[in-house]
Each structure stands twice: as structure tokens, then as C-alpha cells.
Protein chains: 2
Amino acid sequence: MLNIFNSEMDFIIDWERKNMDVTMKDVAKLAGVSLSTVSRVLNDSSLVREETARKVKKAVDKLDYQINDSARILRTNTSNLIGVIGAGMERPFLANLLKGIEAEARERGFALIYGDSDGELEKEQSYLNIMKQKKIDGIILITTNYYNDLLSIVKNYKIPVVFASGYINDPEISCVTVDNVAAAYDVVEYLCQVGHQDIAFIKGPDLDLLASQERLRGVKLALRLSDIEYDPKRFIEGDFTFESGYSAAKKIINKFPDVTAIFAFNDEMAVGVISYLKEHNIKVPEDISVVGFDGIELGKYIDPALTTIKQSGYQLGLRSIEILNRVINQEKIEDNKVFIPHKLVVRESTNKLNEFTTNKEVISNNRG
Amino acid sequence: MLNIFNSEMDFIIDWERKNMDVTMKDVAKLAGVSLSTVSRVLNDSSLVREETARKVKKAVDKLDYQINDSARILRTNTSNLIGVIGAGMERPFLANLLKGIEAEARERGFALIYGDSDGELEKEQSYLNIMKQKKIDGIILITTNYYNDLLSIVKNYKIPVVFASGYINDPEISCVTVDNVAAAYDVVEYLCQVGHQDIAFIKGPDLDLLASQERLRGVKLALRLSDIEYDPKRFIEGDFTFESGYSAAKKIINKFPDVTAIFAFNDEMAVGVISYLKEHNIKVPEDISVVGFDGIELGKYIDPALTTIKQSGYQLGLRSIEILNRVINQEKIEDNKVFIPHKLVVRESTNKLNEFTTNKEVISNNRG
DNA sequence: AAAATTAATGAAATGGTTTTCAAGCTTCTG
DNA sequence: CAGAAGCTTGAAAACCATTTCATTAATTTT
């Protein structure tokens with residue numbers, strides 16, 4: 001008995017001295033079993049005697065054994081790795097989306113490999129290649145532009161994919177997103193209901209086919225139903241930054257001095273708008289109402305607090321991983337277009353036309 | 001010649017039919033050379049004839065060969081993978097930091113594996129394990145809490161590491177950060193210079209030993225030099241969110257109704273403060289001056305525009321990878337504590353005590 | 001108690017690269 | 001022209017885990 005203990009110690013000390021990586025072979029040796037048995041214990045195989053398993057686990061602990069992931073991936077061809085390709089992830093909404101993705105991936109035993117494409121197809125391709133080489137199990141795309149090219153590449157690669165925060169009209173592709181059409185519709189409908197007829201819009205980049213174009217559709221639909229003429233000139237192109245909201249507001253005020261409401265397709269641009277208007281002594285909401293989109297935290301703390309469509313990036317992230325996991329497991333997915341809830345949150349930046357009372361915060365019913 | 005062409009085609013078509021992964025073996029076969037030669041060509045080895053290399057490259061293109069990364073990692077023990085463990089990465093400053101890390105890592109041929117620890121030691125450990133199993137070449141830590149425990153683990157793991165956005169007083173550990181002491185000092189010095197004596201502070205979580213504690217040191221130093229008594233009660237603990245700034249402001253106003261300035265240790269909390277003050281008809285900066293820290297984009301667009309310390313998260317990210325790369329390559333690093341520049345940006349949220357003019361934006365000299 | 005099952009284990013093949021070592025070719029030197 | 005030296009190339013080992021197949025041990029059945 002003492003002998004065994006001594007040789008065990010020698011073994012371990014030997015390792016420390018050499019400072020090498022511990023492999024399954026070492027564990028097997030220390031536990032006095034074969035490689036196969038160690039592997040079985042590590043993978044919770046049922047066909048190993050309890051006592052043997054205990055021995056092995058003890059050896060694993062003693063040696064502080066860590067699996068060599070590359071070897072496992074090489075053999076099994078599955079990596080427990082999910083790729084995330086995003087663009088503009090520093091935007092608060094998308095940062096929260098990433099956080100949700102991360103949390104749920106972690107929960108399900110996936111690690112994340114992350115790349116920012118800046119919306120450039122070339123970078124997206126390059127990341128796709130790298131990720132493929134790393135044998136990712138699936139991929140989440142949070143990208144907005146050029147989706148046609150990218151899509152064909154992804155399909156060609158035959159990697160399970162989920163588009164997060166974007167709707168793609170292709171029955172093979174799973175998407176998780178807010179219902180941009182309905183949400184944008186809600187905004188315009190609300191503005192019309194409180195009397196606004198002369199509305200200007202700040203959309204996203206024209207290349208953004210996934211979110212901005214959908215919101216545009218919702219707007220057009222609502223305008224039609226409210227018998228307001230669709231005037232393309234009233235749609236200024238922004239890029240979802242504060243700055244672009246600011247400068248879009250400038251254009252709007254110069255070209256359409258009579259607008260009573262501005263709907264920016266995200267909150268940052270709306271904040272930019274408010275900043276410009278206040279700077280030029282245009283009162284929000286008394287002179288002009290402003291609506292944003294996303295419902296980022298910030299909206300509650302600016303003055304006036306921002307009316308917006310609230311959606312949860314974090315939830316969107318969770319759902320995306322959930323769906324992706326189903327695709328990876330080849331589960332049947334009844335409906336691969338998933339819409340997360342949204343709410344129109346009316347705060348202080350909007351007002352009934354020509355009234356000067358301050359709204360209290362009202363939350364409309366969920367329409368998602 | 002025709003024969004060769006035909007057999008080539010057959011070969012390729014065969015692959016497409018079977019839809020299997022192309023390996024080096026296939027490339028070798030098609031090119032009519034050995035595995036070793038293919039490997040050499042792929043790794044730009046100099047000792048291969050140009051003509052042979054051409055043949056191989058042609059075969060690679062034809063078959064659209066992609067390397068199997070796991071096999072390569074298994075053999076070489078280097079992954080070109082950098083781990084990033086962060087906490088609270090949805091904060092704009094840190095989101096930009098991640099963007100910088102990503103950009104520079106990409107530039108240098110590294111991919112990123114990313115985990116959010118929520119500042120929990122357990123998760124940090126868990127990610128560290130996973131990343132070690134994946135044989136990451138190095139790791140960037142953007143974490144704030146518990147650093148003592150974490151540090152010993154990291155050191156024990158012997159993985160090249162850089163702490164980004166945090167200073168650690170350990171000569172072995174590389175850090176890239178703004179000089180928090182100097183920057184906080186600058187803020188207080190400025191406030192004192194314009195006449196403020198009664199200042200309240202909103203610090204970060206007490207667990208944050210990397211940024212908040214350093215800023216605290218800078219504040220104390222400046223107070224001492226300005227002959228202002230250090231009163232711990234005037235330091236309210238926040239957690240870097242809008243909300244915590246808002247509620248900290250409430251506490252401050254209730255307990256210390258005579259403060260003339262509030263210095264929040266980040267911009268979001270400062271925005272929360274301003275929100276609270278305006279809501280309670282306390283004018284900023286006429287009644288109370290407010291200063292933030294970080295210089296996030298938003299600060300320019302709120303009303304009043306925020307006086308703050310500006311530092312670039314993106315630059316911080318770039319530098320972090322640069323330093324990490326040096327550590328990985330075991331280059332000698334003359335000084336492993338790197339400070340990125342910072343500026344005190346005076347905007348509209350601060351004022352000379354008892355004056356009511358509006359400041360124009362003034363940018364002080366870089367002190368970093 | 002012998003035969004037939006079933007359970008537990010081990011040996012060896014496998015996955016796709018890199019790298020060492022040796023061998024085959026060229027080319028150069030004397 | 002023989003031998004040395006330098007280029008190119010290929011064969012085979014190594015990296016570390018998983019998994020199939022065969023074998024041995026334990027249990028049940030007759």
C-alpha cells in the first residue's frame with residue numbers, strides 16, 4: 001500500500017518537474033487502466049464499473065488532467081464552438097444581443113468564436129472560412145448588408161446558421177428578430193392617432209436589407225392605411241449612429257420645416273435628433289415629436305425621455321442560440337422565423353399634436 | 001494530356017458527390033506529390049521547387065482545400081486563438097474596447113474566443129479552463145473583480161496574459177490602461193480650480209480593484225493637494241449603470257444638499273445623475289456641476305453635454321493585442337505597464353462655481 | 001457444474017496535420 | 001570524372017483522443 005502511494009507521488013512529481021501537458025495516457029497509467037477506459041469514464045459511458053470509474057476520476061483529479069480539445073475535435077468532428085459574425089456590435093442594442101448569445105451558449109456548453117465584419121462581405125467570407133476550419137457546430141450572423149452574397153456562401157458551406165436581428169425571406173434559413181414591419185407600423189399608427197400627418201423618417205443604410213428595409217415596409221403600410229402620401233424624400237438615410245441622427249435632423253429641418261414628428265429607426269439616431277433640435281431651440285415634443293427604435297436603457301435617462309419601440313437584445317440572443325441548437329441537432333423546427341416581443345413605449349418625446357401637456361410613461365400592449 | 005484532364009475532373013467530381021472534407025492527402029494525390037510537400041507549400045517553406053509549389057497550389061484551388069485546424073493545433077500546439085474574458089462588455093466603453101481587440105487580433109491573424117464572466121470568479125475559471133483546452137496562444141482579461149484569485153490562477157496556467165483597462169501591481173503582468181490615477185486627479189484638480197470645494201463622488205463597485213480603486217487614489221491625491229478634507233461618506237458606491245448613477249444622485253442630494261459638483265466614475269452614471277437632477281429641478285451646471293469618465297460618444301449628445309475624461313476604448317484594444325502579441329512571442333518588453341492617452345474634455349455640464357455662463361467646449365492638454 | 005449470456009476492459013485503428021530523417025537528384029569543385 | 005555539397009522530395013513518426021472489435025471476466029441459465 002505504501003509502495004503504491006509512493007509510486008503515485010513519484011509519478012506526479014515527475015510531471016511537475018517536466019511541466020508537460022497531462023494526457024489521457026498518463027491518467028490511464030496512474031489509474032492502472034487502458035486509454036479506452038479513461039475515455040469512457042470521461043464521456044460518462046455506462047459500460048464501466050463504478051469502482052474503475054472512481055479510480056480514473058481520482059487520477060484525473062490528482063493530475064489535474066485537462067482534455068486536449070483539438071484531439072477530440074479532430075476525432076469527433078464536433079467542436080462545441082459557435083461562430084458569431086457581427087457588425088456594429090458596439091451599438092448598445094447589439095452589445096446586449098451578444099451578451100444574450102454568450103449567456104445561452106455558455107449554458108448549453110458552447111464556446112463562442114467572435115468576429116466583427118464591419119459589414120464588409122470580404123471580412124465576412126474570411127471569418128466564415130476561419131470558422132469552418134475550426135469546425136464550428138453552427139453560426140450566428142448579426143450582419144446587415146449584402147445578405148444575398150453572404151447567404152449563398154453560407155448555404156454552400158452547409159453550416160447550421162441563424163440570422164439574429166434580421167429577417168430573411170428564404171424558407172431554409174432560420175431567423176430570430178423583432179417583427180420590424182409590425183413594430184414600425186405601430187409607431188406610425190400611434191403618431192397618426194395623436195394627430196401627426198407630417199412625419200419625417202431616418203432610416204438605416206440602404207444596404208441594410210434585414211432591419212431597415214423591413215421597418216420601411218411597416219412605415220409605408222401604416223402611411224397607406226392612414227391615407228398619408230408616401231414621399232420618399234422624407235426618408236433620410238442614416239447609419240444608426242448619434243451623429244447621423246444629428247445631421248439627418250439638420251437636413252429635415254432645412255428641407256421640411258413643417259414636420260411635426262420624426263421617427264428614427266433606432267434610439268441613437270433619435271437621441272442625435274433631439275440633440276440637434278434642442279440646440280436649435282426647437283422644443284421636443286411641443287414643436288416636434290421624436291420616436292426611436294430598440295428601447296435601449298439610455299432612452300429613459302435623456303431629456304425628454306424617449307418614446308421608442310422596446311425589444312430585448314438579450315432575449316433575442318437567448319432565442320437565437322436556442323434555435324441554432326435545434327438546427328444543429330437537426331430537430332424539426334415547426335417555424336423557423338421567430339419573432340421576439342416588442343412594445344411601443346410612450347415616454348416624453350412625443351405629444352399629441354398641438355397639445356402641451358407632458359405625457360406620463362404609458363406602455364401599450366405587446367403586438368409581437 | 002486529355003487523359004490527365006479527365007482524371008482530374010473525375011477526381012473532383014468524386015469529391016463533390018461524396019461531399020466529404022478535402023484533406024491534404026487529396027491535394028497531394030491530385031498534385032502527384034507527397035503529403036510533406038503539400039504541407040511545405042502551405043506553410044511557405046522555402047525548400048520546395050517553384051514548379052512543384054505551383055502544381056500544389058493549383059490542386060488546392062481546384063479542390064477548394066481548407067486546412068483542418070484541429071489537426072494543425074494538435075500537432076503544433078499553437079492555435080492562433082486569443083481568449084477574451086470580459087465583464088459588463090455591453091457598456092459602450094468596453095464594447096469599443098472589444099471592437100479594438102477584434103480589429104487588431106484579426107490584423108495579426110488571431111481569431112478570438114470570447115466569454116463574459118459577469119465578474120464571477122467561477123465563470124472566469126471555467127472559461128479559463130475551456131480556453132486552455134483549446135490551446136489559446138494568449139488571453140486578454142477585461143475583468144474587474146476578485147483579481148487576486150484570478151491572477152494566481154492565470155499565473156499558474158502560464159498562459160501569456162494582458163490585463164486590458166485595469167492596472168495590476170505585479171511586475172510579471174502586462175497591463176494596458178488609461179492612467180486612472182492621473183485622470184481622476186485631473187478631474188478633481190479642474191473642479192477645484194473653478195471653485196468647487198464641496199464635491200461628491202460616485203465610485204464603482206468596491207470589488208472593482210482595477211479601475212475604480214485607482215480613480216479613488218487619484219481623487220484622494222487631488223483633494224489632499226487642494227486642502228480639502230477626505231470624507232468617505234461623500235463617496236457613494238455605484239455599478240457603472242445609468243440606474244446606479246440616478247439612485248446615487250438621490251442619496252447625494254438627500255445627504256449632502258450643499259454639494260456643488262458630482263464626479264461619477266463613468267459616463268453612464270454621470271448621465272444618470274444629470275437625469276435625476278433635472279427631474280428634481282436642479283440645474284446642471286448652474287446648481288451642480290457633473291463630470292463623467294470615459295468619453296463615450298453619447299456624452300456629446302445629451303443636454304447639457306457632459307464634461308468627462310476621454311479615453312479611447314478602441315485604442316486600448318489595439319494596444320492590448322499588440323502587447324499580448326509581444327508576450328506571446330516572448331519578446332522583451334521594456335515596460336509592461338502601458339498607459340493610453342486621456343484628455344479632460346470640458347463641455348457644458350460643469351461650470352465655474354456661482355457663475356451662470358455656458359461653457360464652450362474646451363479640450364485641455366493631454367496628460368496621459 | 002457446464003453452457004450461454006452479459007458486462008467490463010483493452011488493443012489497435014483512426015482523424016489530418018507537421019516535422020524529422022533519410023534518400024534521391026543536381027550541381028559544383030578539384 | 002569522382003566526390004562533396006546543396007536542393008528537393010518522400011516515408012514515417014508524432015500529436016491525443018474516440019471508437020470498433022475482440023477478449024476476458026462475471027453472471028445467469030439449464
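Please read these numbers as outputs of a predicted model, since none were measured by experiment. All chains are named by letter (A, B, ...) in the order of the sequence lines, taking the proteins before the strands, and each is independently numbered beginning at 1.
Applying the 4.0 Å criterion to OP1 and OP2 of C:dT9, one finds that A:Ser34 has every side-chain N and O outside that range. Residue A:Thr37 places at least one side-chain N or O under 4.0 Å from the OP1 or OP2 atom of C:dG10. Between B:Tyr65 and the phosphate of C:dT17, there is a side-chain N or O to OP1/OP2 separation shorter than 4.0 Å. The shortest distance between the side-chain N/O atoms of B:Ser39 and the OP1/OP2 oxygens of C:dT18 is below 4.0 Å. For the pair B:Thr52 and D:dT9, the criterion of a side-chain N or O lying under 4.0 Å from OP1 or OP2 is met. Distances shown here put every side-chain N or O of B:Arg49 at or beyond 4.0 Å from the OP1 or OP2 atom of D:dC7.
Nearer to the 5' terminus of DNA chain D, by closest-nucleotide assignment, is the contact made by B:Ala53 (compared with the other of B:Ala53 and A:Met24).
Note on A:Asn77: nothing from the nucleic acid sits closer than 4.0 angstrom, heavy atoms only. In this structure, B:Ile67 reaches the sugar-phosphate backbone alone: every heavy-atom distance under 4.0 Å involves primed, P, OP1 or OP2 atoms, never a base.
One atom, NZ of B:Lys25, and another, P of D:dA11, lie 12 Å apart when rounded to the nearest Å. The distance between atom CG of B:Leu42 and atom C1' of C:dT17, rounded to the nearest whole Å, is 10 Å. For the pair B:Asn43 CG and C:dT19 P, the interatomic distance rounds to 7 Å; values are reported in whole Å. We find that CG of B:Asp21 is positioned 7 Å from P of C:dG16, with the value rounded to whole Å. Atom CZ of A:Arg72 is separated from atom C1' of C:dG15 by 13 Å (rounded to the nearest Å). The nearest whole Å value for the distance from the CD atom in A:Glu50 to the C1' atom in C:dT9 is 17 Å. Across the protein-nucleic acid pair, B:Asp26 atom CG and C:dG16 atom C1' stand 11 Å apart, rounded to whole Å. Going from atom CD of A:Glu51 over to atom P of D:dA26 covers 11 Å, rounded to whole Å.
A donor-acceptor contact closer than 3.5 angstrom links the side chains of A:Tyr157 and A:Asn129.
The backbone N or O of B:Thr78 sits less than 3.5 Å from a side-chain atom of B:Arg72, completing a donor-acceptor pair. Not one N or O on the side chain of B:Asn77 forms a donor-acceptor pair closer than 3.5 Å with the backbone of B:Lys135. At distances below 3.5 Å, not a single donor-acceptor pair connects side-chain atoms of B:Ser126 with backbone N or O atoms of B:Glu122.
Ion pairing between B:Lys99 and A:Asp118 holds under the 4.0 Å rule for side-chain N and carboxylate O. Salt bridge status for B:Arg326 with B:Glu322: present, with a side-chain N to carboxylate O gap under 4.0 Å.
Side-chain contact between B:Asp137 and B:Asn80 is present, with at least one heavy-atom pair separated by less than 4.5 Å.
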field: side chain to side chain contact (heavy atoms under 4.5 Å, CB included) between A:Asn336 and A:Ile323, worked out
entry: CA-CA 8 Å; A:Asn336 66 0; A:Ile323 301 292; 5.7 Å; no
Polar-atom pairs under 3.5 Å, protein N or O versus N or O of nucleotides 12-15 of chain D: list them with distances, or write none.
{"unit_1": "D:dA14", "atom_1": "N3", "unit_2": "B:Arg75", "atom_2": "NH1", "d": "3.0"}

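Minimum atom distance to the side chain of B:Val48 is reached by D:dT9, of the listed D:dT9, D:dA17, C:dG10. Side-chain proximity of A:Val33 to D:dT18, C:dG10, D:dT9: nearest is C:dG10.
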